[in-house]
Amino acid sequence: MEAFKLLSRGGAKFDKQRFQRDVSLFDPKSTHPENKKQSDGKTLPAELDFFKYSQNVGEKRKTSSKGKTEPKKRKLESASDDEDIQDLEESPKSAPGSSSSSTLPRQRVTTKGSNVPTRIENFGELKDRYNISSRLLDNLTQNGYIDPTGIQSYGVPILLESRDLAAISPTGTGKTLSYLLPMFAALGSPHPKTPVPGSLGVRALIIAPTRELSHQIYNECLKLAQGRKWRIVLFSKATANTLSDRDVRDKTDIIVSTPLRLVASLQSGGLELHNVRHLVLDEADRLLDSEFLSQVEEVVAACTHTSLQKAVFSATLPANAENIAMGMLRDPIRVVVGLKDTPLPLISQTLTYTADDASKLPAILTYFSHPYDPPVLVFTSTQPRASSLAGELVLNGIPNVDCLHAGMTDKERGDAIDRMRKGESWVMISTEVMARGMDFKGVRQVINYDFPTSVQSYVHRIGRTGRAGKEGKAVTFFTDQDAPFLKLIANVLLQSGSTVPDWILKLPKPSKIKRKLMGKVKRVEFINSARRIGRSDAIKKRDMIAGSKRRKEKAASLESSGAVKDDDSGDGGV
DNA sequence: AAAAAAC
């Protein structure tokens, strides 16, 4: 019954209602500035503009400012599950003395589920409430964790009370610690020297989509493990062999791994997961998308312990991924910090028009000819493009350029990460492999050299900056080809408080049919819609058309040289 | 919608 309710609220209707509530929560702020007109892209409050995502929302937008005090009423109208909205708008009292640079802005927190445990105000409470060891708390403070972030203050008690959890919290807000701390607390102590029959084998498992992220999580584990003989294994080619040694395997406390590595070990019979009590999917939506799903399901199925606790974490969780996740969890609690699929406002975002692919290199060189804050993280769409861009930048005299993608060897990847961590890389060119979870503290600027292929990708990529309360800057190049998805990303900018030129907002939202026809139609669509914009944007329009001409000429020359394959050939290969 | 990543 419970599960059914949870599953049934993934639709658009539910979301719409939920965001109407969000608006009323934000409303108090909008009392002093007069009316914010939707037509004015510059002053529109980001949170209101979310409604551009859906139609028929005009009526309810101006709900009065009483919302903040009356979440309970709305609770009843939306769903019968408990839903609670906590406004954590006030700044933390302990902040003044501590390092001013890393004060994370408080964000609204929404919880949903039965009997949600009370949040903690500080880590010290954990000692009284859950009898957490002093050593573990010491390890926290020694590693610079002073005050719990939003997701930590809610997530830690939930997990400590053995509940399943779906946690959605923006990039750089401390999700890793939210699951590691309760995990260590619940495990209590490392496997005893003389194993207890019946409790042999791995007790906790953390899955992440990339090796680099697994490694980073492993490092975080080591921080919390200081002073005790926890056996924590970063699963890789090398450790797979040692773990087939029964003696080692039986005494392992925590495994951190990518999915396929686990599947391989399960299938070879070298790994058993029947004693796993805590399972975490980090970057859950990525792990639950089509390429990873069957692998993850196999691993989950192998965790057969009756008191298995499952938790999923991400900054983004599209409806389909959420449905799958909720189906896996048992009487789950869902916690959302801030707005789902939305970057932190402290990342200032801009969209930069580069007519076509050929114009991107000059554009990025121009960017680097101005002062910039290294390290800069640059994203490309493919591995070859990452390598060649790195090469081009080196040729053009940009210092300390680095490259990282999954086509490189493990050693090359590791070395690149090391240089990044040491601050030796000033410009890091990479693919989607770096988009999620990676925490390079110094990154102040992200450049999307190639347009991201989804809102989720965008949110995660730019989330490599603006972490732990620091400010960040994100620049996204777009070409004529990217037009169909430009508005999608533009709306994300608006939601998170960045400004978008009016002419982009006036672009039509591409219909599904149009997208299908994309190959040939889209450029024309874009130019046409550009024509509809006002005279004030005449220059941009001209640029776009010029860019389009260049592209056409190039395409023609390519076509005549036989380099472009014709998809109308009708041989049915696709 | 489409590439990347996982061994």
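Letters go in sequence order (proteins before strands), and every chain restarts at 1.
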For this session: Indicate, with a heavy-atom threshold strictly under 4.0 Å, whether A/Pro259 touches base, sugar-phosphate, or nothing.
Result: nothing

Exercise. What nucleic acid atoms does A/Arg286 come within less than 4.0 Å of, heavy atoms only: base, sugar-phosphate, or nothing?
Worked result: base

For this session: Under 4.0 Å between any heavy atoms, over every strand shown, what does A/Arg413 touch: base, sugar-phosphate, or nothing? Just pick one.
Result: sugar-phosphate

Exercise. Between A/Asp410 (CG) and B/dA5 (P), how many Å, whole number?
Worked result: 12 Å

Below 3.5 Å, can you tabulate the donor-acceptor pairs from side chains in residues 203-211 of chain A to any protein atom, sequence neighbours excluded?
unit_1	atom_1	unit_2	atom_2	d
A/Arg203	NH1	A/Leu187	O	3.2
A/Arg203	NH2	A/Ser189	O	2.7
A/Arg203	NH2	A/Asp253	OD1	2.7
A/Thr210	OG1	A/Leu213	N	3.2
A/Arg211	NH1	A/Asp410	OD1	2.2

Exercise. Rounded to the Å, how far apart are A/Arg461 CZ and B/dA4 P?
Worked result: 11 Å

For this session: If the plane angle is over 60° it's perpendicular, under 30° parallel, otherwise tilted; pick one for A/Trp230 and A/Phe184.
Result: perpendicular

Exercise. Atom CG of A/Asp482 and atom C1' of B/dA2: how far apart are they, to the nearest Å?
Worked result: 12 Å

For this session: Examine the side chains of A/Thr476 and A/Gln349 and answer whether a donor and an acceptor come within less than 3.5 Å of each other.
Result: no

Exercise. Which part of the nucleic acid does A/Ser457 contact within heavy-atom distance under 4.0 Å: base, sugar-phosphate only, or nothing?
Worked result: nothing

Exercise. Rounded to whole angstrom units, what separation is found between the CZ atom of A/Phe292 and the P atom of B/dA5?
Worked result: 10 Å

Problem set entry | Presence of salt bridge, A/Asp357 and A/Arg385, under 4.0 angstrom | yes

For this session: Record whether the side chain of A/Glu291 comes under 3.5 Å of the base of B/dA3 through a donor-acceptor pair of N or O atoms.
Result: yes

Problem set entry | Nearest-angstrom distance from the residue atom NE2 of A/His215 to P of B/dA6 | 13 Å

Exercise. How close or far is atom P of B/dA4 from atom CG of A/Leu293, stated in whole angstroms?
Worked result: 21 Å

Problem set entry | Results of side chain to side chain contact (heavy atoms under 4.5 Å, CB included) for A/Pro318 - residues two or more places apart only | A/Asp285, A/Asn320, A/Ala321, A/Gln456

Exercise. Is A/Thr431 near enough to B/dA5 that one of its side-chain N or O atoms lies under 4.0 angstrom from OP1 or OP2?
Worked result: yes

Seminar exercise, completed: With the side chain defined as heavy atoms from C-beta on, A/Gln383 is closest, among B/dA5, B/dC7, B/dA6, to B/dA5

Exercise. Between B/dC7 and A/Arg211, is there an OP1 or OP2 to side-chain N/O distance shorter than 4.0 Å?
Worked result: yes

Exercise. When the distance from CZ of A/Arg261 to C1' of B/dA5 is rounded to whole Å, what number comes out?
Worked result: 15 Å

Seminar exercise, completed: Here the distance between atom C1' of B/dA4 and atom CG of A/Asp450, to the nearest Å, is 13 Å

